[in-house]
Amino acid sequence: MSEGLEGVIAARTVLSDVDGARGRLVIRGYAVEDLAGRTRYEEAAHLLFDGFFDEAPSDLAAVLGEARARVFAEVGALDDGLARRDPVEAMRALLARLPDGDDLGTALLLIAAPAVFTPAVLRVAAGNTPIAPDPALSHAADILRMTRGAPATDAEAAALDAYLVTVCDHGLNASTFAARVVASTRAGLTSSVLAGLSALKGPLHGGAPGPVIDMLDAIGTPRNARPWLERALARGDRLMGFGHRIYRVRDPRADALKAAVRTLASATGAAPGRLAFAEAVEQAALEILREHKPDRPLDTNVEFYTALLLEALGLPPASFTCVFAMGRVAGWLAHAREQLAGGRLIRPQSVYVGPEVRVAA
Ligand code: SDX
């Protein structure tokens, strides 16, 4: 048996390849660094969907805008009680209102859902009213506008696109595997996405970027990085944003996202201090992890610079997992369709180590 299914190949996929030894991510034949910063999320979603939906239009932007407008009707169910919950839980509750289905229309509503529900949850939690989508805008620009109540600059929309594209698919990570398991029972795409979202929520997976900000804020200064990180490891804490089940070298997405942070900072004239501080913390963490776990390569993963980028876009850390879902949902949907197209019911076995058979008293 393999703990955590480490090293187990559970599917053939045409969607993405995660090469842990070489630190390479390929999404439908394109290296992630060739997509991030050069492709809108709508195009990446189309790339993932190609061949999995009979009627996928060449330009997803327009139909995705209409889907955002349609799912907004579910926001009426968002009451103050729900809005005060963890944003992922509130967004999940609204997404669960969408019917199951296996067609492109259902898939588009599911891509639209986290993008529309998250801004609504954040605004209601802050005592504001939700803002309806603008179908004419790009997905990323509309997300930022619905969140802030003001238009995003091109540089900001491009930065969010870079993030959403970078995280849109990543092999059989825990949330994508969960989505495939549910798809394999033929439960429907909404059920698959709900399974993926629930798995993503965990701090070992998509719940990590928010705590990266907490870590940086707790460290405060470069001089305090090593003592703080040493104490954290001594407590047995995991350093959020580091380590990976597959990558044994640096996650290629870390540098793609660091580049997006730099591009945004130069466009907005933001002070370079935060990035320089984060790089100092990153270096200290890598040194300490090498000292503490010399036999286990632990490098920077996608979440460390995710946190910097989403913070620079003014998104609250509590929403970071929801934003991760905004990108990954296209991957969950494509994998669910791929599982349906050729996969069997996913049903591994277990070895029983319980009590011997006995006669009930
Ligand atoms: C994502 O799978 C994917 O593709 C996921 C993802 C995607 O795009 O879908 O890439 C997104 O989830 C990135 C990871 C985000 N999570 C974090 O940043 C949380 C911190 N990282 C760790 O918890 C950990 O690295 C995991 C969960 C990501 C991977 O853990 P593994 O492969 O199960 O390894 P492990 O838990 O068995 O750890 C091996 C050893 C352990 O030491 P020992 O108990 O053997 O002494 O390495 C240590 C761990 O304690 N270790 C860490 C560490 N990561 C592993 N120690 C301190 N800090 C860390 N970050």
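Just so you know, ligand 1 is whichever comes first in the structure, and atom 1 is the first atom listed for that ligand.
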Original post:
Is it the side chain, the backbone, both or neither of L204 that has a heavy atom closer than 4.0 Å to ligand 1?
Top reply: both
Original post:
Does G241 come within less than 4.0 Å of ligand 1, judged by its heavy atoms?
Top reply: yes
Original post:
Would you call the rings of F304 and F242 parallel, tilted or perpendicular if under 30° counts as parallel and over 60° as perpendicular?
Top reply: tilted
Original post:
Which is it for H292 and ligand 1 at heavy atoms under 4.0 Å: side chain, backbone, both or neither?
Top reply: neither
Original post:
Any idea which protein heavy atom is nearest atom 32 (O) of ligand 1, and the distance to it?
Top reply: R245 NE, 2.8 Å
**OP:** Flag H244 as yes when one of its N or O atoms lies below 3.5 Å from any N or O atom of ligand 1, and as no otherwise.
**Re:** yes
**OP:** Salt-bridge test for R28 and D50: reply yes if a basic N is under 4.0 Å from a carboxylate O, no otherwise.
**Re:** no
Subject >> Option with minimal heavy-atom separation from atom 22 (C) of ligand 1, where the choices are R238, H205, R296 >> reply: R238
**OP:** Before signing off on this row, confirm whether L239 and ligand 1 have an N or O atom pair separated by under 3.5 Å.
**Re:** yes
Original post:
In terms of atom number and element, which parts of ligand 1 are under 4.0 angstrom from non-hydrogen atoms of L289?
Top reply: 57 (C), 58 (N)
**OP:** Give the atoms of ligand 1, by number and element, whose distance to some non-hydrogen atom of E303 is under 4.0 Å.
**Re:** 1 (C), 11 (C), 13 (C), 15 (C)
Original post:
Strictly under 4.0 Å, does any heavy atom of E3 approach an atom of ligand 1?
Top reply: no
**OP:** Return a yes/no value: protein heavy atom under 4.0 Å from atom 45 (O) of ligand 1?
**Re:** no
Original post:
Looking at R180 and E338, does any basic side-chain N land under 4.0 Å from a carboxylate oxygen?
Top reply: yes
Subject >> Any E6 heavy atom less than 4.0 Å to ligand 1 >> reply: no
Original post:
Which ILVMFWY residues can you reach from V26 by hopping between side chains whose heavy atoms are under 4.5 Å apart?
Top reply: none
Original post:
Within a reach of under 6.0 Å around CG of D154, are more than 12 heavy atoms found that belong to other residues, nucleotides or ligands?
Top reply: no
Original post:
Under a single-linkage rule joining Ile, Leu, Val, Met, Phe, Trp and Tyr whose side-chain heavy atoms are separated by less than 4.5 Å, which residues share a cluster with L172?
Top reply: L5, V8, F177, V181, I346
**OP:** Using a 4.0 Å heavy-atom cut-off, say whether S175 meets ligand 1 through its side chain, its backbone, both or neither.
**Re:** neither
Original post:
atom 37 (O) of ligand 1: protein heavy atom closer than 4.0 Å?
Top reply: no
Original post:
Of all the atoms in ligand 1, which lie at a distance below 4.0 Å from a heavy atom belonging to M240?
Top reply: 18 (O), 19 (C)
**OP:** Please determine, by modelled atom types, if T176 and N173 share a side-chain donor-acceptor pair under 3.5 angstrom.
**Re:** yes
